[in-house]
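Below you'll find the structure, written out as structure tokens, and then a few comments.
Residue numbers run from 1 in the order of the sequence given. Because only heavy atoms are used, hydrogens play no part in the values below, and waters and symmetry mates are left out as well, while side chains stay in.
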Amino acid sequence: MVDNKNKALKEWTITIKALDEGRQIILLRKGGIREENREFRVENERFLLYPTYEHQREDLIKEEFRGDFKTIQRIDNNKVTIRNWAIVSDTYQITELERLEAIFPYHIWTANYAMERLTWRPRKPLHVIFLRVFRLPEPKTIDILPEYGGCRSWISLSDEFSFDRTNPVLNEEEFKYISEKIKNLLR
């Protein structure tokens, strides 16, 4: 596998916080408006997590995560701090509401928002992406460039990052235990 040291997946800042704290290991993705055929694809198995505030709303996450909004407020509209990178360990595609409901305890989104993601473009599956998340040795603050904006999942950052000397958020046993519990619900 070729390391692309500047490829990043855009995700809500609140979601990246949950991933960084080991409170979540999955993402639910359908695709951005500016993506080819509006379909989500895993373009890289290893990538940075780019925190975004686009479309992020407090009412779309579960009550127990809403207090985190106070700690993630944007300080500078021209900069963003990258703290994490991830490896895709597995992906599943779901189209059934029952499977989505089964994994409800394992993500931060409200039931209504998760169902909205599932039913948007109903002929297309919802991707459940399992991420093994790592912390960079030192967070890196970068400029927000115009090409990073818009409704798309993947961006190429102008800065490069090193994946060396990083620590996983969850150790191997913890990650495997949680991921197996979720996978059993998706099978």
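Within the model, atoms CD1 of I26 and CD1 of I178 stand 11.0 Å from one another, a figure rounded to the nearest 0.5 Å. The distance from atom CG of D20 to atom CG of L49, rounded to the nearest 0.5 Å, is 9.0 Å. Remark: L27 CG to R117 CZ distance equals 12.0 Å, nearest 0.5 Å. Interatomic distance, NZ of K30 versus OG of S153, reported as 13.0 Å (0.5 Å rounding). Remark: L28 CG to L126 CG distance equals 5.0 Å, nearest 0.5 Å. In this structure, CE in M115 is found 9.5 Å from OG1 in T110, a value given to the nearest 0.5 Å.
A donor-acceptor pair under 3.5 Å is absent between the side-chain atoms of K5 and the main chain of F163, judged by distance alone. Not one N or O on the side chain of R121 forms a donor-acceptor pair closer than 3.5 Å with the backbone of L118. Listed for the N6 side chain is no donor-acceptor partner under 3.5 Å among the backbone atoms of E160. Put simply, the side chain of N44 never gets that close to the backbone of F47: no donor and acceptor are under 3.5 Å apart. The backbone N or O of E11 lies less than 3.5 Å from no partner atom in the side chain of T15, so there is not a single donor-acceptor pair. At least one donor-acceptor pair closer than 3.5 Å links the side chain of R66 to the backbone N or O of I61. For T13 (side chain) and T52 (main-chain N/O), a donor-acceptor pair under 3.5 Å exists by modelled atom type. At least one donor-acceptor pair closer than 3.5 Å links the side chain of K62 to the backbone N or O of H107. Remark: the backbone N or O of L145 is not paired with any side-chain donor or acceptor of D143 at under 3.5 angstrom. The backbone N or O of T141 sits nowhere less than 3.5 Å from a side-chain atom of K79 that would complete a donor-acceptor pair.
Between L9 and W85 the shortest side-chain heavy-atom distance does not fall below 4.5 Å. Contact annotation: the side chain of R83 never approaches that of I16 to less than 4.5 Å [non-hydrogen atoms, C-beta and beyond]. With a 4.5 Å cut-off on side-chain heavy atoms, E43 and K7 count as touching. Under the 4.5 Å side-chain criterion, counting only non-hydrogen atoms from C-beta, I82 is in contact with P51. Contact annotation: the side chain of L186 never approaches that of N184 to less than 4.5 Å [non-hydrogen atoms, C-beta and beyond]. Taking the side chain as every heavy atom from C-beta outward, V133 and L19 approach each other to under 4.5 Å. Side-chain contact between I14 and Q56 is present, with heavy atoms from C-beta onward closer than 4.5 Å. Side-chain atoms of N84 and F134, non-hydrogen and from C-beta on, never get closer than 4.5 Å to each other.
A search for side-chain contact (heavy atoms from CB on, under 4.5 Å) contacts involving L60 returns W12, R57, Y113, not counting sequence neighbours.
Cluster membership check: V42 shares its hydrophobic cluster with V128, using side-chain heavy-atom separations under 4.5 Å among Ile, Leu, Val, Met, Phe, Trp and Tyr. At a threshold of 4.5 Å between side-chain heavy atoms, the hydrophobic network of Ile, Leu, Val, Met, Phe, Trp and Tyr places I182 and L97 in one connected group.
Contact detail for K10 and G149: the closest heavy-atom pair is NZ-C, 3.6 Å. For S162 against L136, the heavy-atom pair with the smallest separation is O-CD2, 3.6 Å. Between S89 and F175, the shortest heavy-atom contact is OG-CZ, 3.4 Å. The shortest non-hydrogen separation linking G150 to E54 is N-OE1, 3.3 Å. Across L170 and E174, no two heavy atoms sit closer than the pair CA-OE1, 3.5 Å. The two atoms that bring P105 and A102 nearest to each other are CD-O, 3.6 Å, heavy atoms only.
Checked against Y50 for a ring pair (Phe, Tyr, Trp, His ring centres under 6.0 Å), the options F161, W154, Y148 give a single hit: Y148.
Aromatic pair F130/Y92: centroids less than 6.0 angstrom apart.
Ion pairing between K17 and E21 holds under the 4.0 Å rule for side-chain N and carboxylate O. With salt bridges taken as basic N to acidic carboxylate O contacts below 4.0 Å, one links D68 and R23. Between R187 and E180, at least one side-chain nitrogen of the basic residue sits less than 4.0 Å from a carboxylate oxygen of the acidic one, meeting the salt-bridge criterion.
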Decide side-chain contact (heavy atoms from CB on, under 4.5 Å) for I87 and R46; before the verdict, give the C-alpha distance in whole Å, the side-chain angles of both, and the deciding distance to 0.1 Å.
CA-CA 4 Å; I87 296 174; R46 181 184 298 212; 4.2 Å; yes

Stepwise side-chain contact (heavy atoms from CB on, under 4.5 Å) test for S179 and I25:
CA-CA 7 Å; S179 64; I25 66 165; 3.7 Å; yes

Please test E96 against R99 for salt bridge (Lys or Arg N to Asp or Glu O under 4.0 Å), starting from the C-alpha separation and ending with a verdict.
CA-CA 6 Å; E96 306 86 15; R99 289 170 78 195; 3.0 Å; yes

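For T166 and R135, the side-chain atoms include no donor-acceptor pair closer than 3.5 Å.
Summarising the local packing, OH of Y177 is surrounded by 12 or fewer heavy atoms from other residues, nucleotides or ligands at distances under 6.0 Å.
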